[in-house]
Trainee: 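Below is one structure. I have some questions about it.
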Amino acid sequence: MFESLRRARLQREGLSCGKVRRKHQDGDLVDELRTHPAATVLVYAMFFVGLGILMNLAASAVPGTIQPQLTAYLCAGAIGAAMVIHLLVALKDEITDNTELLLLLGTLLLQFAASVGMIDFAYEKGWSGALPVLALPHALGPMVLSVALGRKIGLFGAIYSSLLGAIVFMAVNVVTYLACSALIGFLVVLFTNRVRRRNKLFMAGLYIGTAAAIFSVILHHASGAVDSATLSRMIGIPFTVGVLTGLIVGGGMPVIESLFGVTTEVSWLEQADLNHPLMKRLSIEAPGTYHHSLVVANLAEAAAEAIGANAAMTRVCAYFHDIGKLTKPEYFIENMDPAHNPHEDLTARMSALILIAHVKDGVDLAIKHKLNCSIIDVIEQHHGTTLAWYFYKRALDQKAEMIRLVEQGKSKEDDIPQVTEEVFRYPGPRPQFKEAAIISLADAVESSSRSLEKPTPARVEALVDEIVQNRMVDGQLDECDLTIAELARVKARFVKTLLSMMHSRIKYQKAAETPITTIIGPKDTAAAVQVHDGRTLMNESPYLVSGETPPSEKKKRVQRKPPASAA
């Protein structure tokens, strides 16, 4: 309220335009709940309450089963406590906020709820033996978690859906449940590696259904329960459940992504469309920045693949990292008119402020167009707190010149400008994750590589080493989790990609004005040169005069006799 009143007063005085730049992560209630410990405790409590309810429902679904006793609840609590410890010790970096924790635990509960419904349906239909267990959607939880949160979390889901499921479904054969759930869950994680198309989820369901059907036949054959009447159900039911699981997960992933704010690799590839309105504007209004963004995307994606980071996310974020330059594109060198430099009419401080403002302008545009939060993070962090060195040096030179004029009595001391590094530094924050750090380095490498006159491998490697070393000395990489070994691979991939982009071409001979040019000389002293369509052909024959046929060709020509039909 007070801020709006102050802004209105400044607008009346002509000191403000009245517009408010949008801010990213302004500390609202949702952001607070993402990391608050009380919210974490509440999510765990809801999970354990839901688990207890499902234990009662599962017991009711199987005829002749008594309700779980206190011992069963204690066993479920012990396995649940082990799961919590596993999360806190081994997967703390993968589950970073309460939203992801809610997705993880909620997916496990969803799988158990779907399994309870399937158990109830199976016993109503009179299925017996291991068939009710094989008909359960064991692949549901691991598939969702593997695609949405990564394969480590997928394996975590496969392990604890098996252990906790054995307690929930104590009324069925526990050993059979553990075997089926572990086998199918781990196979799901194996088949959902690098899902870049939604049809791969259907194929994963197809493979899982096939594996479940084969295991069903083997299991029933080992128990001696195979006959011609039940063989079709032994094969068809597990196969159908596996295929349907793949179809349901593939169709439901967009809903899960929007509810929990996660982005799968499939969605990143969908967002890499260069026909986005901002990218179209960039290509028209700032073509130099547009080309720069494409090259940075190639560099950053190659480096991300080298260290196992999210390459698709890196490419998309690199596309949009400089959209803030759309506000004043002509002030950036890649879009500047060679005949006019607008910075010549500005002070060094004002020029630096215009350049630095493209970060906040980019965040404003990204929020307006509802871009992914990771893209907004990269826009904020791709310059970190680096120094706009060129204009800082220019300001120091101007200050030194003014001091010289004061000493000569040609100016006053009040005219000496105050120059501090803080004014010429970007606001930050520094890169917080690997992908942002890679894009930050790729941005600097691409810009500096354009100043190389003869980009030899040694010069390119020295340039990349210098840029990375300067960023490390300046502390720009202190807050991200890039290791020294990963940084070495990133530099090597930068060098390789830059050299492939800057490779030299063979200098072709220019095409002649006329189609054929003939140079005639003695047979023993010169060779005739025939130039045609830009290609030079050496011909040893000196008889290349227009209208003249070489003697050898004359001998070879024989008068053709008319065909017999002509007679």
Side-chain angles (χ1 to χ4, degrees), residues 54-55 57-65 108 110-144 146 154-155 157-192 199-252:
L54 289 173
M55 289 175 66
L57 292 176
S60 302
V62 181
T65 304
L108 293 178
L110 177 64
Q111 177 179 327
F112 295 151
S115 298
V116 169
M118 197 65 191
I119 283 283
D120 188 31
F121 177 79
Y123 280 99
E124 281 185 3
K125 293 296 182 180
W127 298 349
S128 59
L131 192 57
V133 177
L134 287 161
L136 301 182
H138 299 289
L140 180 62
M143 185 178 291
V144 171
S146 180
L155 284 174
I159 293 170
Y160 288 98
S161 64
S162 302
L163 295 177
L164 290 173
I167 303 296
V168 173
F169 302 101
M170 292 179 64
V172 300
N173 191 321
V174 175
V175 176
T176 303
Y177 182 90
L178 282 172
C180 294
S181 181
L183 174 65
I184 295 175
F186 278 71
L187 283 176
V188 165
V189 178
L190 177 65
F191 293 143
T192 52
N199 66 344
K200 191 170 182 180
L201 292 175
F202 169 74
M203 296 304 299
L206 189 66
Y207 299 149
I208 290 302
T210 304
I214 295 172
F215 184 68
S216 175
V217 172
I218 295 173
L219 197 62
H220 283 85
H221 180 74
S223 61
V226 177
D227 55 63
S228 58
T230 60
L231 184 62
S232 59
R233 286 193 303 182
M234 294 175 191
I235 297 175
I237 292 174
F239 179 79
T240 303
V241 170
V243 173
L244 287 177
T245 301
L247 288 173
I248 292 171
V249 173

Trainee: What's the separation between atom CG in L206 and atom NZ in K200, rounded to the nearest 0.5 Å?
Mentor: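 Reported value, rounded in 0.5 Å steps: 14.0 Å.
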Trainee: Give the minimum heavy-atom separation between L219 and L134, together with the two atoms involved.
Mentor: CD2-CD1, 4.5 Å
Trainee: What is the minimum heavy-atom distance between Q111 and G141, and which atoms define it?
Mentor: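 The pair with the smallest heavy-atom distance is OE1-N, 2.9 Å.
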Trainee: When rounded to the nearest 0.5 angstrom, what is the spacing between CG in L136 and CZ in F112?
Mentor: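 L136 CG to F112 CZ: 11.0 Å, rounded to 0.5 Å.
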Trainee: So which heavy atom on A139 is nearest to which on I208, and how close?
Mentor: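 So the two residues come closest at CB-CG2, 4.1 Å.
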Trainee: Calculate, to the nearest 0.5 Å, the distance between atoms OG and CZ belonging to S216 and R233 respectively.
Mentor: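 Atom-to-atom, S216:OG and R233:CZ are 10.5 Å apart.
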Trainee: Got a second to check how far L131's CG is from K125's NZ, nearest 0.5 Å?
Mentor: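 So the gap between those two atoms works out to 13.0 Å.
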Trainee: For residues 158-172, pull every pair meeting side chain to side chain donor-acceptor pair (under 3.5 Å), keeping only residues two or more places apart or in separate chains.
Mentor: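 Listed once each, the pairs are H86-Y160, S162-S181.
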Trainee: Checking T245 side chain against L140 main chain: does a donor-acceptor pair fall under 3.5 Å?
Mentor: no
Trainee: Could you measure the distance from the NE2 atom of H220 to the CZ atom of F215? Nearest 0.5 Å is fine.
Mentor: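 Those atoms lie 10.5 Å apart.
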Trainee: Do you know which two heavy atoms are closest between M118 and P137, and how far apart they sit?
Mentor: CB-CD, 4.5 Å
Trainee: Measure the CG-CD1 distance between L164 and I159 for me, rounded to the nearest 0.5 Å.
Mentor: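 Those atoms lie 11.5 Å apart.
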Trainee: Run the side chain to side chain contact (heavy atoms under 4.5 Å, CB included) test against A212 and tell me which residues pass, sequence neighbours left out.
Mentor: I184, P238
Trainee: Apply side chain to side chain contact (heavy atoms under 4.5 Å, CB included) to A213 and list each qualifying residue two or more places apart in sequence or on a separate chain.
Mentor: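 Once residues adjacent in sequence are excluded, the partners of A213 under the side chain to side chain contact (heavy atoms under 4.5 Å, CB included) criterion are I235, F239.
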Trainee: Under the side chain to side chain contact (heavy atoms under 4.5 Å, CB included) rule, what do V116 and F169 come out as? Steps first, then yes or no, please.
Mentor: CA-CA 8 Å; V116 169; F169 302 101; 3.8 Å; yes
Trainee: For F202, enumerate each residue passing the side chain to side chain contact (heavy atoms under 4.5 Å, CB included) test, keeping only those at least two apart in sequence or located in another chain.
Mentor: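 With sequence neighbours excluded, F202 shows a side chain to side chain contact (heavy atoms under 4.5 Å, CB included) to V243, L247, given in chain and number order.
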Trainee: Could you list the residues that satisfy side-chain hydrogen bond (donor to acceptor under 3.5 Å, both in side chains) with S60, not counting sequence neighbours?
Mentor: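 Partners of S60 under the side-chain hydrogen bond (donor to acceptor under 3.5 Å, both in side chains) test: Q67.
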Trainee: Any idea which heavy atoms bring L108 and G157 closest together, and the distance?
Mentor: CD2-O, 3.9 Å
Trainee: Of all heavy-atom pairs between P132 and I119, which one has the smallest distance, and what is that distance?
Mentor: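 Closest approach of P132 to I119, heavy atoms only: O-CD1, 4.2 Å.
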Trainee: What pairs meet the ring pair (Phe, Tyr, Trp, His ring centres under 6.0 Å) rule with one or both residues in residues 114-140, with sequence neighbours excluded?
Mentor: F121-W127, H138-Y177
Trainee: Can you check side chain to side chain contact (heavy atoms under 4.5 Å, CB included) on V188 and Y207, steps first, answer last?
Mentor: CA-CA 9 Å; V188 165; Y207 299 149; over 6 Å; no
